J.: 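The structure follows.
Heavy-atom basis, side chains included; hydrogens, waters and symmetry copies ignored. Remember, it's a predicted structure, so these values are computed and weren't measured experimentally.
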There are 2 protein chains.
Amino acid sequence: MGAIHSDTAALIRKLESIAPLAPDEKAALLRLPLRLKTVAADQDIVCEGDTPSECCLIVEGFACRYSLTAEGKRQILSFHISGDIPDLQSLHLDVMDHSLGTLVPSKLAFIQHDDLRSLMRNQPRLGDLFWRDTLIDAAVFRQWLVGIGRREAYGRIAHLLCELLVRLRAVELVEDHAFNLPVTQAELGDALGISTVHVNRVLQELRGENLISLSGSSLKVLDWEGLQEAGEFDATYLHLVKKEAL
Amino acid sequence: MGAIHSDTAALIRKLESIAPLAPDEKAALLRLPLRLKTVAADQDIVCEGDTPSECCLIVEGFACRYSLTAEGKRQILSFHISGDIPDLQSLHLDVMDHSLGTLVPSKLAFIQHDDLRSLMRNQPRLGDLFWRDTLIDAAVFRQWLVGIGRREAYGRIAHLLCELLVRLRAVELVEDHAFNLPVTQAELGDALGISTVHVNRVLQELRGENLISLSGSSLKVLDWEGLQEAGEFDATYLHLVKKEAL
DNA sequence: CGGTATCTTGAATTCGGTCAATAGTTGTGG
DNA sequence: CCACAACTATTGACCGAATTCAAGATACCG
């Protein structure tokens with residue numbers, strides 16, 4: 001229930017990856033009241049049609065946004081990791097037009113809209129920063145559009161893996177080009193608009209070419225240059241502060 | 001060069017479609033300095049890699065955002081109409097991660113970032129409204145993701161036509177379920193991730209079922225209910241003020 | 001140690017793509 | 001007002017990436 005500073009740390013780390021933070025801004029963030037909650041895997045956090053009065057910060061875990069079509073097909077719209085606030089948009093869009101759910105057991109922190117609003121009133125630069133965050137969100141959607149619309153499965157998967165590597169690295173969840181990818185092949189397919197079977201085959205291709213190794217949920221990028229080429233990946237669209245090489 | 005009130009009117013009309021505007025907010029918008037420009041069809045307004053210092057309001061015309069892949073394939077990311085500011089994001093994302101271009105001869109009005117910033121400082125509610133606009137933008141991207149990822153060509157086209165009808169109607173550019181669609185079949189294909197040839201065939205299907213009629217660039221929706229069903233269309237994601245029927 | 005979820009593999013199928021050629025349209029200049 | 005040029009729409013034949021269906025093989029979990 002009570003908020004501990006270490007939970008806000010995930011948010012601060014994430015925000016610092018997309019813009020510098022002043023000390024008083026950090027302090028203001030740390031004062032943000034959080035309602036902590038631990039949820040199991042595959043649980044909905046917010047559903048299409050809901051009108052939330054709080055936002056959800058992912059402290060630890062993995063989540064995704066998704067929509068379902070009439071025929072019951074699922075399209076995953078984005079993946080979210082530690083530090084993300086996937087439903088930040090609910091601040092200005094009353095009704096959810098998609099759902100948000102966990103992929104693994106996760107630690108969440110809910111923040112009241114009102115608290116966010118007064119935070120942004122007192123720290124306008126933080127308001128701009130949150131806006132920026134939602135804009136980067138949109139940039140990711142655009143990139144996915146290009147992938148799904150114009151790249152074939154091979155490049156799509158490569159691109160997604162590149163994106164996850166860079167985003168996870170930005171919040172220090174990558175070590176030696178390896179990270180935890182708790183996503184089934186079916187979920188990858190739902191994200192990339194391809195079938196599970198095909199995801200499987202393409203992953204084998206990527207492994208066969210020694211671009212990645214994948215055992216269980218731990219993924220290691222063996223050939224970062226090669227994987228970027230395969231996915232035509234250019235991290236510019238993530239608008240990170242550090243444009244670190246490698 | 002000089003700005004005339006009637007140009008800002010397009011913006012006001014659009015903003016009022018997504019939230020109510022107070023009189024003093026309208027007045028502040030009308031005071032916004034505009035740099036007018038008329039451009040021909042198929043001209044780039046802003047290019048990937050640019051770092052604009054102004055935003056582009058579309059007064060009249062039709063524009064689209066797009067990206068090109070290494071193999072030269074184009075993915076159109078969104079269409080934009082009178083009242084839209086397609087590159088509003090450049091306020092907070094310095095580098096363009098995609099391009100913006102006209103589809104037909106268009107009347108544009110450029111607004112300095114600085115002018116927008118001071119406007120939003122004086123009228124915080126307008127700042128929120130612009131933020132909301134970029135969030136709706138993102139909602140449209142998400143909807144396109146669902147379409148391209150999980151719907152087949154038939155539903156995709158139907159959905160896009162529904163979206164355009166509703167958005168154009170919101171800015172009073174639809175009369176009797178008919179509107180001007182100055183988009184070639186090749187461009188539709190680039191937007192929907194399908195080939196020109198297939199766009200052609202699907203359009204014929206839609207005509208064959210008397211859902212639409214299309215002659216030249218003027219499109220008329222003959223069966224609005226049917227078209228919505230065909231595209232599984234639900235306008236909620238556009239977050240318009242008026243949830244008008246029909 | 002079963003039971004369920006996930007991953008693999010193969011074969012047949014299909015939606016949509018590519019190639020290529022034929023109509024229509026539109027715009028321009030003479 | 002006509003003719004050419006250039007773009008856009010339409011059609012047909014063939015192809016191929018990815019899907020679907022179906023069946024095993026592994027892995028994970030209580």
Side-chain angles (χ1 to χ4, degrees), chain A residues 40-43 62 64 69 71-76 101-105 147-160 180-208 212-219 230, chain B residues 40-43 62 64 69 71-76 101-105 147-160 180-208 212-219 230:
Chain A
D42 299 308
Q43 300 301 305
F62 233 87
C64 73
T69 69
E71 309 90 61
K73 296 190 177 184
R74 175 174 64 165
Q75 176 66 47
I76 291 181
T102 57
L103 293 170
V104 291
I148 296 184
R150 289 292 162 200
R151 276 194 264 271
E152 44 190 51
Y154 183 78
R156 266 183 244 182
I157 295 195
H159 194 282
L160 176 58
N180 184 40
L181 180 69
V183 178
T184 67
Q185 295 184 357
E187 286 159 346
L188 283 178
D190 284 346
L192 299 165
I194 55 192
S195 68
T196 309
V197 172
H198 203 55
V199 169
N200 184 279
R201 295 195 237 262
V202 173
L203 280 176
Q204 288 178 53
E205 243 188 290
L206 289 170
R207 283 183 289 201
I212 61 171
S213 76
L214 181 56
S215 65
S217 71
S218 84
L219 185 135
Chain B
D42 300 308
Q43 300 301 306
F62 233 87
C64 74
T69 69
E71 309 90 61
K73 296 190 175 184
R74 174 173 65 165
Q75 176 66 46
I76 291 182
T102 58
L103 293 170
V104 291
I148 297 185
R150 290 292 162 200
R151 275 194 263 269
E152 44 188 53
Y154 183 78
R156 266 183 244 182
I157 295 195
H159 195 281
L160 176 58
N180 184 40
L181 180 68
V183 178
T184 67
Q185 295 184 358
E187 287 159 346
L188 282 178
D190 284 346
L192 299 164
I194 56 192
S195 69
T196 309
V197 173
H198 204 55
V199 169
N200 185 279
R201 294 196 239 262
V202 173
L203 281 176
Q204 288 179 53
E205 243 188 289
L206 289 169
R207 282 184 288 202
I212 62 171
S213 75
L214 180 56
S215 65
S217 71
S218 85
L219 185 136

J.: Taking atom C1' of C:dG16 as reference, at what distance in whole Å does atom CD1 of B:I148 sit?
T.: 14 Å

J.: With a cut-off of less than 4.0 Å, is there a side-chain N or O of B:R156 near OP1 or OP2 of C:dC15?
T.: no

J.: Are the side chains of A:R150 and B:D190 in contact, using a 4.5 Å heavy-atom criterion?
T.: yes

J.: Could you tell me how far apart A:Q185 (CD) and C:dT6 (C1') are, to the nearest whole angstrom?
T.: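 In whole Å, C:dT6 C1' and A:Q185 CD are 8 Å from each other.
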
J.: Rounding to an integer number of Å, can you tell me how far A:L214 CG sits from D:dT26 C1'?
T.: 14 Å

J.: Please determine, for the side chain of B:E152, which listed nucleotide (C:dC7, C:dC15, D:dA9) has the closest atom?
T.: C:dC15

J.: In whole angstrom, give the distance that lies between atom CG of B:L219 and atom C1' of D:dA9.
T.: 15 Å

J.: Heavy-atom distance under 4.5 Å between the side chains of A:L188 and A:I157, does that happen here?
T.: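 Not touching, per the 4.5 Å side-chain cut-off.
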
J.: A side-chain contact here means heavy atoms from C-beta on lying under 4.5 Å apart; do A:V197 and A:R201 qualify?
T.: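 A:V197 reaches A:R201 side chain to side chain.
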
J.: Scan B:R207 against the nucleic acid and name what it touches under 4.0 Å (heavy atoms): base, sugar-phosphate only, or nothing.
T.: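 Touches sugar-phosphate only.
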
J.: Between atom CG in B:L103 and atom P in D:dT8, what is the gap in whole Å?
T.: 11 Å

J.: Can you find a pair of side-chain heavy atoms, one from B:V202 and one from B:I194, that are under 4.5 Å apart?
T.: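 No. Closest side-chain heavy atoms not under 4.5 Å.
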
J.: Less than 4.0 angstrom between a side-chain N/O of A:R151 and OP1 or OP2 of D:dA17, yes or no?
T.: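 No, outside the criterion.
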
J.: Taking side chain as C-beta onward, heavy atoms only, is B:I148 less than 4.5 Å from B:R156?
T.: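 Yes, at least one pair of side-chain atoms sits under 4.5 Å.
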
J.: Give, for atom OG1 of A:T196 and atom CD of A:E187, the distance between the pair rounded to the nearest 0.5 Å.
T.: 9.5 Å

J.: Heavy atoms within less than 4.0 Å of DNA chain D: which residues of residues 193-204 of chain A have one? Give them sorted by number.
T.: A:G193, A:I194, A:S195, A:V197, A:H198, A:R201

J.: Just to confirm, is there a sub-4.0 Å distance from OP1 or OP2 of D:dT20 to any side-chain nitrogen or oxygen of A:K73?
T.: yes

J.: Going by side chain to side chain contact (heavy atoms under 4.5 Å, CB included), B:L181 matches just one of B:L160, B:L103, B:I212, B:L219. Which one?
T.: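 So, applying the side chain to side chain contact (heavy atoms under 4.5 Å, CB included) to B:L181 and each of B:L160, B:L103, B:I212, B:L219, only B:L219 qualifies.
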
J.: Roughly, in whole Å, what's the span from CG in A:D42 to P in C:dT4?
T.: 17 Å

